[in-house]
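Remarks on the structure that follows.
For reference, positions follow the sequence shown, starting with 1.
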Amino acid sequence: MKLKLDSIKDKAAWEQLGIKLPQYDIDDMKSETKKNPEWVHFGAGNIFRGFIGSLNQELLNKRLAKTGIIAAETFDFDVIDKIYSEYDNLTLSVIMDAKSNLTAEVLAGIAEGVKASDIDYLRSISAKPSLKMFSYTITEKGYAVTGTDGKLTSLAAADIANGPSLPRHAMSITASLLYHRYQNGSYPIAAVSMDNCSHNGEKLRSAVMTIAEGWVENGLAEQGFIDYLNSKVSFPWSMIDKITPRPSDKVKSQLDAMGIEGMEPIITSKGTYIAPFVNAEAAQYLVIEDSFPNGRPTLEKAGVFMTDRETVNKSETMKVTTCLNPLHTALAVYGCMLGFTSIWEETADKDLNRLIHGIAAEGIKVVVDPGIINPKEFVREVIEDRLPNPNIPDMPQRIATDTSQKVGIRYGETIKAYMESDTLDTRNLKSVSKAIAGWLRYLLAVDDSGNSFERSADPLLNELDKKLEGIKFGKPETADGRLHDILSDTAIFGINLYEAGIAGMIEEYFKKMLEGPGAVRKLLAE
C-alpha cells in the first residue's frame, strides 16, 4: 500500500484500515481544473496540505466544487519534486488527539504542484477568466520587500529593475501574474493571505503595490496596472489557527505498522521538514474577509467563517492578545528556564498550568469578542485540549523566538485595556506581570539551576543584553534600577509599564527569580 493514485483505487484495503478516501472522481477534478482553474495557492507546505487542502476536499466530496487547487511553491522546490510529484499530489492527513487516537484521510483536492519558477505556466493560468483567487501560506517573512531600515531588499530591488518578465520574489511573482491578467482581459480576482500574522491582507497588498509602483516608475508597466490593482483586485484579511508541526516519528511508525509504505520524512536541501503525511491537531479555525470580486468557493460549507474585515481583526486580536499567544509565550520562556523541551509536558506541571490559567483569567476580562467564536470556549479548548496534546510536539525553544517583537501585542494590549477601564486595576495583573518578568529573567540565559542555556533568536538580543549587563544570578541586588530602560520602552511594550503601574511588581518578581537555584520554581509556586 503506497500513497499513489493506483494504490488508492483498491478502496477496500484502505477503508479496512479506517482511512478515508476521496469521494469524487480525481481524474474529472483534474480535467476540470485544466479547463477552468479557480484557485492557485502559493506555499506548498504542511499547513496548506493538511488544512487548506482538506477544506477543498470537503467541498469536492459534497459536490460543492469541481476543481482542485494548483499549489505553487515559491521557496523550496524539493517539496514539489520529492513530495508532490513522487506521491501523485496526494497527502495523507493524520489527526492525532491527546489520547493518541489516529484519524487518517487521503487528500486529493490539490490538482497539481508546480514550481513558482515556471512563470510561463502560471501566467497562462492567471489569464483564465475562471480564476477566482490566489492564496498564500508563505510565512510572514515571505511578504517582506523592505528591510528593517525601510529600504528595498536586494531581491525586491532587482525584481523592480528587471520588470514583470523575470520575477523571483514571491511578491514580484504575484505582481507579474496580476500584470499578465490585467493585460489579458483585466479580470477581477482576490489575493488572500492565509498566513498567521495580523493584518495579513494589508501586508500582501502593500508588498504587491510596492513592486507594481516600482515598475510603473521605471516605465516597465503602465499606470493602468495600478488602477486595475486598486479597482479589481481585493486583498482580504484572514485569521488562521491550526498547529501542523514537523512530521512525527510516532505517526510514521504507526503508519508503517498499518502497512503503508514509503512514509519516510525528509529534510530538503533548504531545511524543510516534510513527509508524505501531515500530522496535525484536530482544532482548526479560518476566518476570511468576504471580499471576492470574481466569486469564490463556498468555503463556509467547509467550516470557514466568511465575514467582514472588522470581525476578522477581532478574531485575530482575541487569539493573539488573550486566548492563545500570551499563554504560549509564557510557557516558552519559563519552559526554557525549567528544562522543558515540549509544550505539552509543561501543561502537566501544576505551577505552569496555574500560570497560564491566571493569564487567561486576567485577559478574558477585557477580551475582544469577535461574535463568531466564543472566547471562553476557545481558551478552554487551548488549555485543556490543544496545548496538552502529546502528539503535537512543539518546543518552548521554538516559540521563544523573537519574543521582543511579541510581548507588546501579547501582553501590552491587555495592560492598555485595564488602564482604560473604570473598574479594573492593573495591579491585579499578577500573572501577566509574571510572564513579562519571566521573559526578562530568560534573557539572562541562566536556567533555574544556575546553568547557562542557549536563547532563541531575537533581533533585540544585543540591545537587551547591554541593558541587563551586570545582573548576576544569586545576587538580586544587582538588578536594582537596571530594568527601567526596558520596562519604560514603549517600542517594546506599546506602553510605559511604569505609567501602567505594574513595573514595580515586575521588578519584584524578577529579583525573586535571581535569588539562587530553584528561585524561578519558588516564584511560580507562590
Side-chain angles (χ1 to χ4, degrees), residues 3-9 21-45 48-49 52-74 77 79-93 105-137 167 170 173-174 176-192 194 233 276 292-299 301-302:
L3 191 62
K4 291 282 204 176
L5 288 173
D6 286 342
S7 180
I8 65 170
K9 289 178 181 177
L21 293 175
Q23 303 299 306
Y24 50 91
D25 189 301
I26 297 173
D27 290 334
D28 285 351
M29 176 271 291
K30 291 188 175 184
S31 175
E32 187 64 27
T33 305
K34 283 285 186 185
K35 290 186 293 184
N36 298 298
E38 295 183 334
W39 187 349
V40 175
H41 183 91
F42 297 91
F48 163 66
R49 296 165 64 219
I52 313 305
S54 73
L55 299 177
N56 199 50
Q57 170 115 324
E58 185 170 348
L59 296 180
L60 287 161
N61 282 341
K62 292 178 177 178
R63 305 297 187 267
L64 296 173
K66 294 181 179 180
T67 62
I69 306 173
I70 298 167
E73 176 55 32
T74 61
F77 296 158
V79 169
I80 300 300
D81 292 333
K82 298 179 179 180
I83 296 297
Y84 279 72
S85 300
E86 187 68 22
Y87 296 93
D88 295 340
N89 300 313
L90 301 174
T91 296
L92 184 59
S93 168
E105 180 178 9
V106 174
L107 303 179
I110 300 170
E112 62 179 326
V114 301
K115 300 171 184 176
S117 57
D118 192 353
I119 193 68
D120 289 337
Y121 180 61
L122 288 173
R123 283 197 184 105
S124 69
I125 295 169
S126 71
K128 295 278 190 176
S130 59
L131 192 65
K132 293 175 168 59
M133 64 188 293
F134 293 145
S135 60
Y136 304 78
T137 51
I173 291 169
T174 298
S176 177
L177 298 180
L178 290 172
Y179 184 59
H180 190 73
R181 189 169 178 81
Y182 156 71
Q183 290 180 311
N184 291 271
S186 294
Y187 301 113
I189 192 171
V192 190
M194 296 179 180
V233 181
F292 290 75
N294 202 34
R296 61 168 175 80
T298 55
L299 291 166
K301 302 293 186 181

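Using bins of under 30°, 30° to 60° and over 60° for the plane-to-plane angle, the ring pair H41/F48 lands in the parallel bin.
There is a side-chain donor-acceptor pair under 3.5 Å between W39 and S135.
Proximity of a side-chain donor or acceptor of Y84 to a complementary backbone N or O of A44 within less than 3.5 Å is detected.
The environment of K62 atom NZ is dense: over 12 non-hydrogen atoms of other residues, nucleotides or ligands sit within 6.0 angstrom. Shown here is K66, whose NZ atom has no more than 12 heavy atoms of other residues, nucleotides or ligands within 6.0 Å.
In this structure the side chain of S176 never reaches within 4.5 angstrom of the side chain of Y179, judged on heavy atoms. Contact check for I26 versus D88: no side-chain heavy atoms found under the 4.5 Å cut-off.
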- Query: Passes salt bridge (charged side-chain N to carboxylate O under 4.0 Å, His left out), K30 versus D27? Steps please.
  - Reply: CA-CA 5 Å; K30 291 188 175 184; D27 290 334; 5.9 Å; no
- Just do the side-chain contact (heavy atoms from CB on, under 4.5 Å) check on F292 and M133 with the steps written out, would you? CA-CA 8 Å; F292 290 75; M133 64 188 293; 4.1 Å; yes
- Message: Q57 vs N61, test: side-chain contact (heavy atoms from CB on, under 4.5 Å). Steps then yes/no.
- Response: CA-CA 6 Å; Q57 170 115 324; N61 282 341; 3.7 Å; yes
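None of T67, N294, T33 except one satisfies the side chain to side chain donor-acceptor pair (under 3.5 Å) rule with E38; the exception is T67.
Between D6 and K9 there is a salt bridge, since at least one side-chain N of the basic residue sits less than 4.0 Å from a carboxylate O of the acidic one.
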